[in-house]
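In what follows, a single structure is set out as structure tokens and then discussed.
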Amino acid sequence: MIEKAFNLSAEIWQWIWLFLVSFTGGVVGFITKISPTLKGRSFRSKFAALCMGMINSMFIAYISYEILLSVIDNHGLAVAFSGMAAFTGTDLLIITQNKIVELVKRKIDNI
């Protein structure tokens with residue numbers, strides 16, 4: 001049984017690493033960003049916020065992993081950057097969205 005675990009293909013190992021890294025990034029992001037805002041709330045609401053934060057972080061990590069994998073074609077580096085994206089969470093998406101909107105506005109103004 002242990003031999004089968006070590007004979008998994010490289011792609012499956014990358015998915016396992018992606019899951020672990022995005023889960024860790026989501027937990028750290030939750031502790032540093034969301035947890036202080038939940039003081040005085042019930043355990044149920046804190047647990048619900050943790051679950052939603054983890055789902056969002058893992059989704060963001062997966063999207064960034066697929067994008068980075070198509071750009072840099074290096075699984076290890078894509079997993080590392082997707083862990084960073086899971087940690088920064090939606091902040092990274094909001095910053096990117098604002099920069100794209102500003103770029104489009106500048107191009108429209110120049111026309």
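Numbering of residues begins at 1 and proceeds along the displayed sequence. Every value quoted in this text rests on a predicted model; they were computed, and no experiment measured them.
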Handout entry: Residue list, salt bridge (charged side-chain N to carboxylate O under 4.0 Å, His left out) with R106, at least two apart or on another chain
Key =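 Salt bridge (charged side-chain N to carboxylate O under 4.0 Å, His left out) check on R106 returns E102.
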Handout entry: Minimum heavy-atom distance between K46 and R41, given as atom pair plus value
Key =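 What the structure gives for the nearest pair is CE-O, 3.6 Å.
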Can you list everything that forms a side chain to side chain contact (heavy atoms under 4.5 Å, CB included) with [X]? Sequence neighbours excluded, please.
X: I63; value: F59, I67
X: S22; value: M58, A61, A86
X: S70; value: none

Handout entry: Within one Ile-Leu-Val-Met-Phe-Trp-Tyr cluster: F19 and I12, side-chain cutoff 4.5 Å
Key =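 Linked, F19 and I12 end up in one cluster.
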Handout entry: Spacing of M84 atom CE and I60 atom CD1 [to the nearest 0.5 Å]
Key =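 Taking CE in M84 and CD1 in I60, the distance rounds to 12.5 Å.
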Exercise for the section: Would you give the length of the straight line joining atom CG of L68 to atom OG of S82, rounded to the nearest 0.5 angstrom? Expected result: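 So the gap between those two atoms works out to 7.5 Å.
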Problem - Contacts of type ring pair (Phe, Tyr, Trp, His ring centres under 6.0 Å), residue Y62, not counting sequence neighbours - result: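 Here the qualifying residues are W15.
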Acceptor/donor pairs from residues 72-81 side chains to any protein atom, 3.5 angstrom cut, sequence neighbours excluded:
residue, atom, partner, partner atom, Å
N74, OD1, G76, N, 3.3
H75, ND1, Y65, OH, 3.0

